[in-house]
Student: 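Have a look at the structure that comes next, please.
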Amino acid sequence: MAGAIPRCSVRHLQRLFGSCSISAPVRSVRTSSGNRAEEIVIPNRIPRSSTDILEALASTVGRDSSGPHYKYSDDPYLTPASNVAKRSFSLSKESGRKAARWIRDKHSDLFTHRPEDPFIEAFYPKISFTDESDVSEDTLRELMQKCMVSDAIQVYQICKTKGVELSDSVRQELLEFLGYYNCEDALDEDWVEERWYRQGIMSRDRIRNTWKDHGLAEELFKSLSHQGSPAYCALIRGMTRYYQVDRAWQMYQETLEKGIPLDTETYNSLIRVASLMREGSDLRWKLVKEILTAMSEAGVRPNLGTLNSTLESLSQIASWRQTKNLSLQVMAEFNRLGIQASLASYYFLLIIHCRERGPISHILIDIMNHIADKEFSIQDPKDTFFFVTAMDVCRNHLHSKELAKRVDDLLHTGNNYMLIGDSYKESIYYRHYFALSCSTDTVDQFMELYNELVPHIYTPEPGVMEELLKALKVHEALEYLPQLWSDMIVFDHTSREKLLMSVLSAMTCHQPSEDNTKLTEQLATIAWDLWTRVQRMEEDRRNKITWSGPMIGDLLTTLVRCGEYSKGVEVMQKISADPHIVLGSATVDSLQTLLDAAIGNDEANTGVMVVVYAVDAGHQEAADMAKKLGSSLTLNAEHRAKLTSVLGIDIIADLKEKEISES
Amino acid sequence: MIPVVEAASKMSLKCRLFSEFARQQLFRSSPACGLHISATYYAESKAVAEDEEFRTLELGGRKIQRRAQRIQREMPTLPPRYKRQATDQDWGNVWPAPRSFHPATVPLAVRQGYPAKGQAPPDKWGNAELMKIPNFLHLTPPVIERQCEALKKFCTPWPAGLENTEKQEKHFPVTMTKSSYLHSSPSIRDPKSRIVTLKVHLRSLNLDTHARDKLLRLVGDRYDPATDCLTLVADRCPLSQQNRDYCHYLLTVLYNEALKTEPWEHEKEVTDNERYVWQGSPSEAALKVIAAAKGEPVPEADVDKYRDAVAELHNEGEDETTLAKYREAVMKIAGIA
């Protein structure tokens with residue numbers, strides 16, 4: 001049988017290649033060897049997306065506080081430490097990206113080489129539309145997909161002028177789009193640093209009507225062939241979002257008259273702005289209840305947004321005596337409906353219950369019991385307010401470090417850190433945490449926290465630094481002062497007068513002894529460094545520091561006490577020569593300390609200088625000081641002349657008389 | 001006495017407590033208040049000097065005054081990062097990804113490079129050699145363990161009946177290999193990802209001697225006798241799926257062709273044989289002549305031994321052992337040994 005393929009070979013080959021069906025839950029290969037059929041069961045591949053492995057590996061990496069955030073260079077010279085530097089480093093990096101994008105868009109004819117496979121749209125210039133461009137409905141849809149508001153408006157105008165037919169559905173989409181953005185471009189999502197440092201949302205009193213009346217959105221609304229429920233919903237939601245509450249309410253009445261049903265989100269948006277439509281807490285609550293009843297009568301199911309907007313309205317009337325009870329009732333009712341509260345709901349509860357002027361409420365403890373160890377994702381824009389407010393409550397309302405620690409642990413569970421919001425909220429959060437720790441913990445525990453967070457996670461502001469220094473002074477924990485001073489230099493706090501005053505006054509508490517010689521030396525170095533820094537500041541600087549009397553006094557005391565007598569003398573010479581650099585004059589105690597040291601070192605010149613200065617400053621004790629000087633050291637004629645000239649009487653003669661009279 | 005340059009307004013209120021005498025003393029020494037004292041003094045002195053001498057005529061370019069160097073403000077820098085690191089820190093968080101060596105972050109006092117005369121090898125600061133070489137600081141054993149743990153959820157268990165190599169070969173004799181590439185450049189594609197390799201052991205294929213011989217002639221050096229492995233590499237198609245199908249096809253064709261016997265194969269001659277076969281060779285004829293000449297038949301064992309020795313000489317080649325074996329066999333036959 002030449003050329004014929006033996007039958008057994010076909011089966012053999014089939015066996016070789018393992019015929020199987022992949023649609024089965026597992027792949028199994030039946031081998032025909034032997035009597036018993038051995039089934040090798042191969043489990044199916046676990047489906048994973050293209051980034052799942054990267055995410056799994058990324059989840060093994062945590063934050064290390066010894067180094068900077070990954071957006072900064074990890075190098076001692078290039079890592080920013082002060083708040084100003086951090087802000088300018090990140091924003092300047094982003095401005096570079098913006099400049100690159102601007103150049104690319106301005107010179108779009110230069111960027112035509114496209115070797116990518118697959119094509120990456122984000123790398124190429126944005127298409128700009130002119131009156132001659134070929135536009136259609138699909139172009140409009142694409143632009144809306146990419147959230148390019150001004151381009152979409154332009155394309156719409158081009159379509160109108162060219163007479164391109166736009167269907168009702170695309171008009172409805174465009175209406176929703178423009179209602180959401182109020183016909184203005186939002187900040188691009190690529191500019192993450194600008195978003196991070198933007199602080200506008202925090203200020204609550206910026207609620208102004210910014211809706212574009214008779215703008216493109218309303219024009220679109222009118223141009224729809226049939227204004228049904230989606231159109232009214234879109235328009236009402238847009239108006240309430242930009243606080244055009246009167247006309248939104250008008251539209252709502254129209255829908256009631258015409259019997260047009262509305263959806264949940266529209267009702268939510270109306271509830272949210274209910275406080276702006278009525279005056280008086282009970283009227284406002286009445287309005288909210290009206291809307292809620294209307295909602296339930298229409299058979300519209302409430303959702304998390306309803307809960308949050310109701311609580312938001314209540315938080316606007318938080319001074320009413322019934323608000324607290326109402327808020328708890330609202331929470332209970334929505335819980336019964338099966339709606340899980342988000343962090344925004346807890347935020348509103350905190351605002352309502354933990355008010356500045358009101359009884360202390362421990363609602364945060366209940367909230368923490370409820371949400372500890374849970375992972376949250378963003379469900380409401382106001383979710384990001386929770387952590388800041390919770391820390392604020394812990395610090396100002398409850399003064400509880402344990403609760404603060406629990407809040408902090410929650411912040412660090414899973415991905416919850418993403419809900420910290422922006423840089424402003426983050427800095428306020430840590431400011432509260434810091435201050436709370438400063439006032440409740442021991443100095444050692446607090447410095448542990450300090451070493452953990454500073455400078456890469458949080459840089460203290462000057463106000464916080466001041467509190468820190470006060471705490472160190474009160475607890476007499478001056479061994480941390482050198483570290484704080486070097487940190488102050490790096491954070492650029494050495495040009496703030498209050499902080500320098502705090503440092504100097506803290507240093508005067510130090511009593512040198514044998515077992516703290518190192519600290520003594522360090523404090524002397526700090527004092528001298530402070531002096532040189534201030535003296536080095538240019539004359540015409542905006543916030544040039546002028547020495548005050550107490551500051552100079554503390555400086556002299558510290559220098560002398562910590563063993564730097566010669567430097568103290570140098571300072572003294574400088575202020576004697578130019579008394580105008582000191583606002584006021586050095587304190588008496590410091591002068592006396594310096595005088596004692598001068599006497600101890602047998603330097604009559606310095607002693608005389610001190611006495612002269614004391615007299616100029618008008619201290620009462622100047623005469624006594626002169627007497628002391630005269631009796632301890634031998635003064636030559638020049639010294640005596642000087643003393644006599646300033647004091648008016650010859651001290652030395654007095655002393656000699658006394659001696660004579662005594663002996 | 002140095003003129004006291006001060007503005008009266010800046011003195012403190014305590015000045016009122018001065019004695020009149022003291023104040024007079026103070027103010028007498030300074031002719032006027034304000035900074036312009038020094039200026040007027042200077043101007044006066046200069047005018048005086050100029051009046052007494054000729055004004056000098058200066059020709060030629062003025063020497064360019066070197067401007068005072070702009071004082072570089074010293075930016076305070078943080079201490080290096082390794083000073084803040086505890087000895088029990090989590091290194092995986094500090095060095096999570098491959099990174100050029102950075103001396104301020106790595107806490108080890110490593111040294112690298114050829115030492116200058118009488119000195120230690122250069123330390124890590126500014127050491128280009130340390131920065132050039134690849135480091136694996138991102139793959140310390142604890143980190144590898146942690147990453148493996150994180151990846152375990154994507155792994156399925158090893159199938160039950162495939163514990164050792166024999167079982168694997170029994171159930172899955174064919175191995176297909178393919179590489180995929182990902183570039184971080186404008187194009188992520190790589191043409192090498194179409195290459196598919198198929199490996200199979202010939203013992204897994206049901207081949208008789210003829211089929212085996214024919215298959216080996218067909219594949220040539222794609223067969224490795226040391227490992228008894230046939231390797232087929234396909235890269236002629238643009239897609240790896242196509243190359244995979246081509247490999248399957250190729251193996252099928254080879255196998256079937258090997259099993260077939262063409263009509264012209266009987267024309268194979270002795271010189272075409274892949275191995276030397278003693279039966280029917282001139283060596284056997286010669287032995288018969290010798291046996292006839294001896295008169296008595298040669299014992300079976302000797303004949304077998306001779307046969308093996310000659311076959312080995314031809315097949316394996318001439319070397320010490322084969323030649324020795326041949327000598328033994330011949331001497332046995334000749335009756336000398």
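Here is how names work: the chains are called A, B, and so on, in the same order as the sequence lines, proteins then strands, and each is numbered from 1.
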Student: Does some side-chain heavy atom of Thr197(B) sit less than 4.5 Å from a side-chain heavy atom of Thr231(B)?
Tutor: yes
Student: Starting from the C-alpha separation in whole Å, work towards a yes-or-no answer on side-chain contact (heavy atoms from CB on, under 4.5 Å) for His138(B) and Arg99(B).
Tutor: CA-CA 8 Å; His138(B) 56 289; Arg99(B) 186 186 162 188; over 6 Å; no
Student: For chain A, find which of Ala104(B), Ala86(B), Pro103(B), Ala150(B) contributes the most heavy-atom pairs closer than 4.5 angstrom.
Tutor: Ala150(B)
Student: If you tally heavy-atom pairs under 4.5 Å against chain B, which of Ser66(A), Pro76(A), Ser486(A) wins?
Tutor: Ser66(A)
Student: Side chain, backbone, both or neither: which part of Pro455(A) has a non-hydrogen atom closer than 4.5 Å to chain B?
Tutor: both
Student: Is chain A contacted by the side chain of Lys167(B), its backbone, both, or neither, given a heavy-atom distance below 4.5 Å?
Tutor: neither
Student: Is Asp487(A) in contact with chain B via its backbone, its side chain, both, or neither, using a 4.5 Å heavy-atom distance?
Tutor: neither
Student: Does any backbone or side-chain atom of Pro157(B) lie under 4.5 Å from a heavy atom of chain A? Answer side chain, backbone, both or neither.
Tutor: both
Student: Would you call the rings of Phe119(A) and Tyr124(A) parallel, tilted or perpendicular, where under 30° means parallel and over 60° means perpendicular?
Tutor: parallel
Student: Under 6.0 Å from the ring centre and within 45 degrees of the ring axis: does the NZ or CZ of Lys192(B) meet both conditions for the six-membered ring of Tyr181(B)?
Tutor: yes
Student: For Glu452(A), is it the side chain, the backbone, both, or neither that has a heavy atom closer than 4.5 Å to a heavy atom of chain B?
Tutor: backbone
Student: Which residues satisfy the ring pair (Phe, Tyr, Trp, His ring centres under 6.0 Å) test with Tyr77(A), sequence neighbours excluded?
Tutor: none
Student: Check each atom of Arg63(A) against the heavy atoms of chain B and say whether the ones under 4.5 Å are side chain, backbone, both or neither.
Tutor: backbone
Student: Report the option among Asp74(A), Asp52(A), Val490(A), Leu583(A) that has the most heavy-atom pairs separated by less than 4.5 Å from atoms of chain B.
Tutor: Asp74(A)
Student: Give a yes or no on whether the backbone of Ala211(B) and the side-chain of Asp208(B) come within a donor-acceptor separation of less than 3.5 Å.
Tutor: yes
Student: Grab the two heavy atoms, one from Val94(B) and one from Gln89(B), that are nearest each other, plus how far apart they are.
Tutor: CG2-OE1, 3.3 Å
Student: Is it the case that over 12 heavy atoms from other parts of the model lie below 6.0 angstrom from the CZ atom of Arg496(A)?
Tutor: no
Student: Side chain, backbone, both or neither: which part of Ile188(B) has an atom under 4.5 Å from a heavy atom of chain A?
Tutor: both
Student: Do side-chain atoms of Arg146(B) reach the backbone of Leu57(A) as a donor and acceptor pair under 3.5 angstrom?
Tutor: no
Student: Just so I understand: if I count every heavy-atom pair under 4.5 Å between each of Leu151(B), Thr77(B), Asp90(B), Leu162(B) and chain A, which residue has the most?
Tutor: Thr77(B)
Student: Considering only heavy atoms, which portion of Asp492(A) lies under 4.5 Å from any heavy atom of chain B: side chain, backbone, both, or neither?
Tutor: neither
Student: Among Pro68(A), Pro118(A), Ser59(A), Pro47(A), which residue forms the greatest number of heavy-atom pairs with chain B at distances under 4.5 Å?
Tutor: Pro118(A)
